[in-house]
Amino acid sequence: MKRNPTNRYIDDTMARIGNTVRYTASFEKYVALYDNLYSRTRLSDLYAPDKTYLMGDFTCLWLQQGEVVITINGKSQTMERKSIVIIPMQTAFKVQQVSPDTRFAFIRYSEEAIIQSIKDLGLYMNRFLPGRSDVTELSIEGFKEISTLYDDFRQGLAHKELKYLNLYARSFCDYILVFLLNAFNIDTKIKGKAISRQENVYRQFIDLLNIYANREREVQFYADKLNISPKYLSTVTQTYSGKNASEWIAEYVVGLAIEMMREKRCKIQDISTNLNFPTQSFFGRYFKRTTGLSPKQYTLKHFDKD
Amino acid sequence: MNDSLDTALPQIMQTANPSLFFNTFQNDYHCCDNLHLRNDPKINPCSTIYNDNNHFVVVVQHGTMNLIINGQEVKLKSNDFLMIMPFTKIEILTSFCTFFACVITNYIALDIYNKLGTPDNISENCYTFHHYHFHPQQTEMLLSDYLRLKEITLREAIPLHEEMLKSGIGILLSHLFSFMAVTDKIEYKSNIFLRQVFDKFLIALSQHYASERKVDFYAKLLDVPAKHITAATNRYAEKTASRVINEYVIYKIKAILYNNQLSVKAVSDMFNFPSQSFFGRYFKRVTGYSPARFMSKHSKKLSKQTSFMP
């Protein structure tokens with residue numbers, strides 16, 4: 001999987017986790033489990049305290065014991081025993097304080113894994129949007145179940161000789177993901193009837209946007225991913241939402257930019273680089289075309305009240 | 001669910017209330033066991049089960065189980081595993097054993113196979129079964145997978161039940177396939193001429209089903225008269241050759257429709273039908289209902305979209 005070289009936060013996290021190989025169990029680059037349930041690894045060994053990581057993959061962290069203060073997208077939250085948190089991709093994550101008796105475990109799904117699971121299950125990415133990443137306390141049963149599941153998965157992955165280990169890893173990934181969805185009481189009412197092909201295309205497009213909006217802005221790219229023509233993609237999105245594909249993309253990219261302005265107060269230059277724009281001036285024009293205001297004007301108008 | 005499966009199971013379970021041990025999910029998937037009968041695991045002979053739609057996975061924990069599948073006697077011992085493919089006739093004889101089993105409807109099974117990549121010998125063969133002998137440790141692993149699956153099946157009120165079950169089945173199958181890959185299959189070979197024709201016909205069918213639906217084509221391919229093929233299918237499947245072909249094609253089509261990724265038109269083209277309307281009529285002739293009806297009833301449901309902008 002190609003990663004955007006300018007996106008230094010992701011590379012930073014990947015390098016840290018990837019090179020130090022501290023994980024307890026893993027399946028290729030698909031999924032990896034980390035914990036200190038039976039060892040002395042500290043959470044701060046994995047995430048340096050007071051350093052912000054832009055998460056490159058989908059992480060689910062929970063505590064068996066102890067207390068941890070974390071910051072997700074600028075919002076500081078405390079985790080205690082039985083707390084669980086889902087950290088979606090492209091989320092700013094920081095570990096602030098860790099109590100010495102902390103027992104933690106977490107699962108990291110690679111981008112590929114999460115896309116695959118969502119595809120297999122017919123679920124949608126938006127269920128794990130950053131806005132939803134709040135610390136949640138599990139019920140006793142839920143906590144027991146996730147602990148058992150984690151242990152089972154961990155042991156299962158240790159059987160490296162199994163020929164169909166990939167099948168196992170994928171099924172278990174799906175299984176845990178569904179468990180999480182249920183544990184978070186996310187509204188997942190199944191619609192009574194099968195959806196149309198067109199609607200399916202539209203939904204897949206929105207999913208892709210969630211994943212690629214920070215680096216791709218061409219309708220052609222999304223159409224290629226869906227194996228359809230850009231024109232058809234635009235027609236479909238127009239039918240279902242009243243907006244065409246390029247409007248969707250622009251809205252998403254600008255949405256991401258605004259999110260960054262709000263959360264991190266970072267420089268326009270950084271945002272422009274992170275969103276894969278060639279120059280800052282190009283980003284400014286893109287922003288203005290969509291919102292009617294330049295990035296600076298927008299910041300002044302919306303965020304500089306306090 | 002099959003009628004015969006309905007009547008057969010209470011007899012096997014020795015109970016008037018099979019739902020206690022026989023758990024169903026939307027008629028697409030069942031799991032059953034008699035692990036509660038540890039002390040006296042007697043299984044009474046029961047009426048013949050005609051299995052048209054399902055993949056059976058049976059693992060014997062202790063004891064022996066005697067079966068007749070399509071006229072072939074099979075004796076399962078402790079730690080034996082049997083995978084029974086669709087289009088089979090199963091008779092259970094008097095046996096003493098504790099076992100656990102899953103019954104998976106063909107389109108779900110094929111969907112899982114397609115998604116995860118199957119061993120070659122499993123996905124294609126119908127009218128047959130696979131018999132393996134596992135190590136006790138492997139049986140233990142399968143049992144824990146099975147119990148997890150059973151527990152989910154019993155929890156009815158949870159959302160995303162179907163997705164959970166499917167990944168649960170995936171976990172069980174991944175272990176099964178891994179064990180099958182390292183274990184020698186117990187072979188049942190026959191010297192009877194018609195049986196050989198039948199087996200060759202099935203192999204040819206699994207290779208050409210997408211484009212050819214005429215008995216003559218297969219007769220030419222196997223270099224035997226069409227009559228021989230029909231005689232063989234009549235004898236071993238109790239159906240005519242064209243019926244066997246049609247059912248196999250429909251069996252494959254259902255798995256694709258179930259997946260809900262392709263339009264009916266695309267499926268019709270994929271199976272080399274001259275037109276979509278012809279395809280619809282063909283489907284209705286064989287199954288009794290239209291593709292659209294099958295899809296609305298069974299195909300993978302996609303969950304409803306909620307608001308997505310931050």
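Every chain is numbered from 1 and lettered A, B, ... according to where its sequence line falls, protein lines coming before strand lines.
- By the 6.0 Å contact criterion, CD on B:Q137 is open, its count of non-hydrogen atoms from other residues, nucleotides or ligands being 12 or less.
- Ranking A:T148, A:L165, A:D174 against chain B, the residue ahead of the rest is A:D174, based on heavy-atom pairs under 4.5 Å.
- Taking B:A181, B:S144, B:S178 one by one and counting their heavy-atom pairs under 4.5 Å with chain A, the maximum is reached by B:S178.
- Aromatic ring orientation, B:H175 versus A:Y168: tilted (interplanar angle from 30° to 60°).
- B:G168 and A:Y175 make their closest contact through N-CD1, 3.9 Å (heavy atoms, listed as atom of the first residue, atom of the second, distance).
- Using a 4.5 Å cut-off between heavy atoms, A:E145 contacts chain B through its side chain alone, with no backbone atom that close.
- Considering B:I171, B:D145, B:L172 in turn, B:I171 is the only one that fulfils the side-chain contact (heavy atoms from CB on, under 4.5 Å) rule with A:S171.
- Contacts between A:L209 and chain B at a heavy-atom distance below 4.5 Å are absent for every atom of the residue.
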Practice prompt. Apply side-chain contact (heavy atoms from CB on, under 4.5 Å) to the pair B:R148 and A:L149, showing each step before the final yes or no.
Written response: CA-CA 10 Å; B:R148 187 185 302 121; A:L149 279 180; 4.3 Å; yes
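- In terms of heavy-atom proximity, B:L173 sits nearest to A:L167 at C-CD2, 4.3 Å.
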